[in-house]
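This structure is a prediction, so every number in the text was calculated from the model and none was measured.
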2 protein chains.
Amino acid sequence: MTTEYSGSGDPKRSMELLWGVPDRPRRGPKPKLTVDRIVRAAIGIADAEGLAGLSMRRVADELGVTAMSLYTYVPGKAELVDVMLDTVHARPAEADDGHDGHGGVADGDGDWRGRLERLARESYERYRRHPWLLQVATSVPVLGPNLLAKYDRELSAVDGLGLTEVEMDLLVSLVTDYVHGAVRGAVETAQMQRRTGMSTEQWWQSYEPLLAQVFDPERYPVAARVGAAAGEEYQAPYDPTRSFEFGLQRMLDGIEAFVRNRAGR
Amino acid sequence: MTTEYSGSGDPKRSMELLWGVPDRPRRGPKPKLTVDRIVRAAIGIADAEGLAGLSMRRVADELGVTAMSLYTYVPGKAELVDVMLDTVHARPAEADDGHDGHGGVADGDGDWRGRLERLARESYERYRRHPWLLQVATSVPVLGPNLLAKYDRELSAVDGLGLTEVEMDLLVSLVTDYVHGAVRGAVETAQMQRRTGMSTEQWWQSYEPLLAQVFDPERYPVAARVGAAAGEEYQAPYDPTRSFEFGLQRMLDGIEAFVRNRAGR
DNA sequence: GACTATAGCGTACGCTGTACGGAGTTCAAG
DNA sequence: CTTGAACTCCGTACAGCGTACGCTATAGTC
């Protein structure tokens with residue numbers, strides 16, 4: 001039951017953590033841990049149990065130390081979340097041989113629409129893998145290396161189309177904003193299943209009698225009609241990815257109209 | 001520092017709370033409070049201090065009772081948040097004389113595009129007024145009267161265009177998803193100002209030396225270019241509403257292409 | 001007037017993040 | 001080789017959280 005705010009820590013210390021201090025002091029006993037191990041353990045816990053399950057004691061347990069030991073490496077929980085945030089935005093590509101694990105498709109390949117699509121899907125997948133990302137309220141931008149790299153990739157996708165820099169930034173914001181909003185539906189249904197152990201249909205069926213007692217079809221005519229139609233249509237389990245893909249195409253259509261219009265001038 | 005999940009409580013009890021039980025038992029001492037007063041106090045606190053500042057003890061203080069007294073009216077904090085969620089989605093219109101405070105414009109007026117625009121702006125404004133809405137993770141849909149009414153209004157805006165019910169639902173999801181995503185930027189900058197007491201430019205200026213030490217323009221070529229351009233362009237304080245309006249128009253353009261295409265068949 | 005359902009609250013438990021101070025370990029300087 | 005400083009790790013403690021439990025006072029019913 002916890003939302004975390006990004007960027008609540010000391011900016012200087014956060015930047016050192018995010019970018020890695022070059023030299024570590026040599027005095028004293030050898031550190032048992034590293035910031036990286038702590039961050040990975042924390043991400044694992046958050047992936048499995050959500051942000052609510054993430055506590056300093058829990059992370060420490062995982063690593064075989066006490067909670068207070070973590071404070072040697074990390075100023076506090078807020079900064080830890082900042083680093084977690086940047087870490088999950090690293091691309092698998094950067095760790096190995098240059099292939100990017102996307103079937104050999106490089107960022108620059110294809111037209112701008114294909115590039116934006118690929119980035120949107122990539123982002124969507126990341127949210128699905130790390131649902132706690134939705135709970136991290138970015139009260140301040142986290143300027144880590146991976147997040148900056150992501151921003152750069154996104155801007156590159158719409159570069160060279162004759163747009164101004166401000167327009168490029170606006171388009172990128174549009175895509176990332178949409179993905180963030182759309183992924184909520186997908187994560188919501190997934191979490192409902194995990195939390196309640198029921199499928200979407202089962203859940204609706206258990207709610208139906210409660211809703212029927214209070215729901216007045218005359219007060220919500222259109223909702224009643226659409227709800228009924230949805231109940232018949234979605235015989236197969238509701239697929240939130242379908243909603244995401246539909247909206248993505250509509251949004252790209254809108255962007256396409258804009259780009260064509262600007263190029264024509 | 002707290003995220004709340006919606007729908008974590010007992011469904012039956014939550015529904016009773018949301019829709020109001022018709023008869024209250026008459027035995028025992030007269031209740032000092034009502035659910036409504038508790039919810040309003042809680043909303044006030046969350047508006048002013050964020051979800052992090054919202055605690056049962058804090059709400060109780062506000063109302064001159066102890067924390068445990070609240071549990072006579074509300075099963076727990078999760079259900080309280082559910083009711084808060086539904087409550088802020090009530091329209092001012094329903095409380096008074098039938099005018100809706102939007103300059104006499106009724107929901108049905110105008111074309112579908114105008115209707116969707118109006119609903120999107122309305123939603124945007126609500127998020128700005130109640131930023132904690134962004135922190136409430138809807139792990140389960142809250143089926144309160146006001147949220148259902150909102151859904152009905154949104155569906156009505158795209159009704160009668162020759163779309164299937166499923167398509168209508170997809171379009172509505174697209175708009176609400178976008179608004180949710182887009183409003184994050186706006187709330188983010190507003191909260192940064194409130195939390196740090198700095199304007200956006202001041203904040204960036206204080207961060208610049210830190211960033212300059214680690215930022216390699218060759219590694220992030222496009223981001224460097226756009227960042228520089230943004231720094232020059234946005235002499236006036238960065239206006240997130242501009243980003244929202246830009247994206248809204250692009251999205252509506254995309255929807256328009258879809259609607260025209262479907263109508264043509 | 002007796003009975004009983006209810007409102008309100010005092011206390012307590014387990015959880016959270018983390019401030020503080022001390023113990024043990026390792027390196028650099030004398 | 002000894003000493004002192006720097007460093008890691010941890011035990012304890014505190015304030016705050018949601019809320020379970022049980023008691024008391026109140027108000028309506030019989």
Exercise for the section: Give the intermediate values and the outcome of side chain to side chain contact (heavy atoms under 4.5 Å, CB included) for residues Met84(A) and Leu133(A). Expected result: CA-CA 9 Å; Met84(A) 288 169 66; Leu133(A) 282 174; over 6 Å; no

Problem - Side-chain-base donor-acceptor pair under 3.5 Å for Arg58(A) and dT16(C) - result: no

Take the protein atom [atom1] of [X] and the nucleotide atom [atom2] of [N], then report the distance between them rounded to whole Å.
X: Arg57(B); N: dC13(C); atom1: CZ; atom2: C1'; answer: 11 Å
X: Leu63(B); N: dC9(C); atom1: CG; atom2: P; answer: 11 Å
X: Ile38(A); N: dT8(D); atom1: CD1; atom2: P; answer: 11 Å
X: Leu80(B); N: dC17(D); atom1: CG; atom2: P; answer: 14 Å
X: Glu49(A); N: dC15(C); atom1: CD; atom2: C1'; answer: 15 Å
X: Leu70(A); N: dC10(D); atom1: CG; atom2: C1'; answer: 11 Å

Handout entry: side-chain N/O Ser69(B) vs dC9(C) OP1/OP2, d < 4.0 Å
Key = yes

Exercise for the section: For dA25(D), take OP1 and OP2 only and decide whether either is under 4.0 Å from a side-chain N or O of Lys30(B). Expected result: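 For Lys30(B), the contact criterion (side-chain N or O under 4.0 Å from OP1 or OP2 of dA25(D)) is not met.
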
Between [options], which nucleotide gets closest to the side-chain atoms of [X]?
X: Tyr71(A); options: dG17(C), dT19(D), dC10(D); value: dG17(C)
X: Tyr73(A); options: dA12(C), dC9(C), dC9(D); value: dC9(D)
X: Met68(A); options: dG18(D), dC9(D), dC20(C); value: dC20(C)
X: Ala67(A); options: dC10(D), dT18(C), dG17(C); value: dT18(C)
X: Arg27(B); options: dA5(C), dC10(D), dG8(C); value: dA5(C)
X: Met56(A); options: dG17(C), dA27(D), dC10(D); value: dG17(C)
X: Lys77(A); options: dC17(D), dG10(C), dG17(C); value: dG17(C)

Handout entry: Any donor-acceptor pair under 3.5 Å from Tyr220(A) side chain to Pro145(B) backbone
Key =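 Yes, Tyr220(A) side chain to Pro145(B) backbone: donor-acceptor pair under 3.5 Å.
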
Exercise for the section: Could you tell me whether a side-chain N or O of Tyr124(B) sits under 3.5 Å from a main-chain N or O of Val183(B), the two making a donor and an acceptor? Expected result: no

Problem - Mutual orientation of the aromatic rings belonging to Tyr127(B) and His180(B) [parallel < 30°, tilted 30-60°, perpendicular > 60°] - result: perpendicular

Problem - Greater than 12 external heavy atoms within 6.0 Å of Arg121(B)'s CZ - result: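 For Arg121(B), atom CZ is crowded (more than 12 foreign heavy atoms under 6.0 Å).
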
Handout entry: First of Ser55(B) and Gly64(A) reached from the 5' end of DNA chain D, by closest nucleotide
Key = Gly64(A)

